[in-house]
Protein chains: 2
Amino acid sequence: MAPRGAYHHGDLAAAAVDEALRLIDADASASFSLRALAERLGVAHRALYNHFADREALLAGVAARGFDMLADALVIAPDAPSFLAAYVRFALARPGLYDVMMARRHTAINGDPGLRAAVDRVIGAAVKGLATPGADDETQRREVMRIWMIAHGGIGLQRARMLRLRSDAEFAEEILRIAGF
Amino acid sequence: MAPRGAYHHGDLAAAAVDEALRLIDADASASFSLRALAERLGVAHRALYNHFADREALLAGVAARGFDMLADALVIAPDAPSFLAAYVRFALARPGLYDVMMARRHTAINGDPGLRAAVDRVIGAAVKGLATPGADDETQRREVMRIWMIAHGGIGLQRARMLRLRSDAEFAEEILRIAGF
DNA sequence: TTAGCGATGTATCCACTGGATACATCAGCG
DNA sequence: CGCTGATGTATCCAGTGGATACATCGCTAA
């Protein structure tokens with residue numbers, strides 16, 4: 001909307017999402033305060049409310065950007081095993097962001113068109129990246145769900161250290177075997 | 001420790017965990033404040049700090065109780081499909097509690113002996129409930145991980161409405177097929 | 001050219017939160 | 001029977017998300 005030297009700040013909405021991503025990555029959770037975020041942007045904390053209805057709306061913006069980045073990481077996977085590996089790598093590299101993405105509720109996803117579109121990009125990448133030629137649609141759909149469940153569940157359990165594995169590297173190897181690759 | 005008419009309140013620690021469970025179930029998240037909890041117990045909010053170091057310690061207590069209840073729900077499952085079904089039923093019936101259980105970090109689980117023991121009860125139930133006779137230990141271990149990943153991941157994706165299924169009932173049916181049962 | 005309007009940002013306030021410090025109460029043991 | 005340590009209370013604090021009122025200034029229409 002405001003490409004260059006626009007008004008007071010430029011494009012505060014985008015800058016806020018950028019900075020929020022940095023803060024989230026920094027301590028692997030979305031525990032930052034709006035005030036800390038605003039201070040880093042050199043702006044009164046209330047200025048953010050001109051672009052986001054509330055904290056939740058800002059996080060929805062962060063989630064949308066996260067799904068976009070995830071889709072970028074997934075579309076280049078040449079086959080199912082590398083697809084799964086790329087997904088796991090993304091989630092373990094940016095755990096705070098992954099949490100924000102996955103914590104968004106149904107209403108948020110369907111309410112925010114940008115967020116919905118980004119999620120759909122990821123789903124599209126999954127359908128293509130996990131396609132098994134010759135299988136009917138129902139089977140393909142189920143295979144996407146199966147891999148996604150194993151990936152998402154494995155990530156959560158590994159992060160909670162419930163699997164008793166020695167390292168993330170060992171986990172990355174193990175999950176491929178478990179998925180049947 | 002304080003069985004009957006003990007001191008001022010009786011057993012505030014246990015009562016606090018009970019009441020926290022109610023609040024968590026009520027709005028499907030652990031968003032309650034210590035003050036609201038204390039008020040319901042008829043006690044100054046600071047009294048809780050005589051039993052829990054901080055909010056996180058209280059939630060660790062809640063998580064321990066959650067794992068105990070989950071283990072109770074799992075040990076009676078006669079075979080692998082009913083085990084999976086029971087796990088999913090528990091998590092979808094008490095989403096707030098399930099989140100609290102799964103959000104506990106490595107340090108919390110290993111630091112609190114009660115929590116650790118409760119987690120081990122669940123793992124023990126899984127190993128028994130999912131046992132496939134005649135398979136070697138490594139295979140059994142991997143099968144436990146596979147089902148747990150599918151269950152935990154499926155639950156998370158279903159709750160975020162990422163799977164595009166019509167209802168929790170449909171999900172419960174679908175996940176059994178996906179697990180290969 | 002300029003008036004003023006709407007978008008953006010600021011100043012200040014509020015109720016509420018988790019947590020800290022200091023003190024009061026009282027069960028049970030010597 | 002008096003002391004002590006466990007338990008609970010009173011009060012304070014800085015920090016939080018959010019609200020209301022106002023200031024700034026680019027853009028557009030006359």
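In what follows, chains carry the letters A, B, and so on, assigned in the order in which the sequence lines appear, proteins first and then strands, with residues in each chain numbered from 1. None of the values given here were measured: they were computed from a predicted structure.
Atom CG in B/N50 sits roughly 13 Å away from atom C1' in C/dG19 (whole-Å rounding). Rounded to a whole Å, the NE2 atom of A/H51 is 16 Å from the P atom of D/dG18. Taking atom CZ of residue B/F52 and atom C1' of nucleotide C/dG18, one finds them 15 Å apart after rounding to whole Å. Whole-Å rounding puts the A/L41 CG to C/dG9 C1' distance at 13 Å. Computed from coordinates, the A/L48 CG to C/dA7 P distance equals 18 Å when rounded to whole Å. Spacing between atom CG of A/L37 and atom C1' of D/dG18 amounts to 15 Å, rounded to whole angstrom units.
The base of C/dG18 is not paired with the side chain of B/H45 by any donor and acceptor separated by under 3.5 Å. The base of D/dG17 does not come close enough to the side chain of A/D54 for any donor and acceptor atom to sit less than 3.5 Å apart.
At the phosphate of C/dG18, OP1 or OP2 sits under 4.0 Å from a side-chain N or O atom of B/R55. Using a 4.0 Å cut-off, some side-chain N or O of B/S33 falls inside it from OP1 or OP2 of C/dT17.
For the segment residues 19-29 of chain B, the set of residues with a heavy atom within less than 4.0 Å of an atom of DNA chain D is empty.
When each of D/dG8, D/dG18, C/dT17 is scored by its nearest atom to the side-chain atoms of B/R35, the top-ranked nucleotide is C/dT17. Side-chain proximity of B/A44 to C/dG9, D/dT9, D/dG8: nearest is D/dT9. Across C/dG19, D/dG18, D/dT7, the shortest atom-to-atom separation from the side chain of B/L34 is found for C/dG19. Across C/dG18, C/dT10, D/dT9, the shortest atom-to-atom separation from the side chain of B/V43 is found for D/dT9. The side chain of A/R46 approaches D/dA19 more closely than any other nucleotide in the set D/dA19, C/dG18, D/dT16.
Of all heavy-atom pairs between A/L70 and A/M101, the closest is CD2-CE, 3.8 Å. Across A/L74 and A/Y87, no two heavy atoms sit closer than the pair CD2-N, 3.7 Å.
Atom CZ of A/R164 sits in a crowded spot, with more than 12 heavy atoms from other residues, nucleotides or ligands closer than 6.0 Å. No more than 12 heavy-atom neighbours from other residues, nucleotides or ligands sit within 6.0 angstrom of CZ on A/R40.
Nearest-nucleotide positions on DNA chain C for A/A47 and B/Y49 put A/A47 closer to the 5' end.
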What side-chain donor-acceptor pairs closer than 3.5 Å can you find for residues 31-39 of chain A, not counting sequence neighbours?
unit_1: A/S31; atom_1: OG; unit_2: A/D27; atom_2: OD2; d: 2.9
unit_1: A/S31; atom_1: OG; unit_2: A/S29; atom_2: OG; d: 3.0
unit_1: A/S33; atom_1: OG; unit_2: A/A36; atom_2: N; d: 3.0

Could you go through residues 41-52 of chain A and list every donor-acceptor pair under 3.5 Å that involves a side-chain atom there, pairing it with any protein atom two or more places apart or in another chain?
none

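Between A/H152 and A/Y98, the ring planes are tilted. Angles from 30° to 60° get that label.
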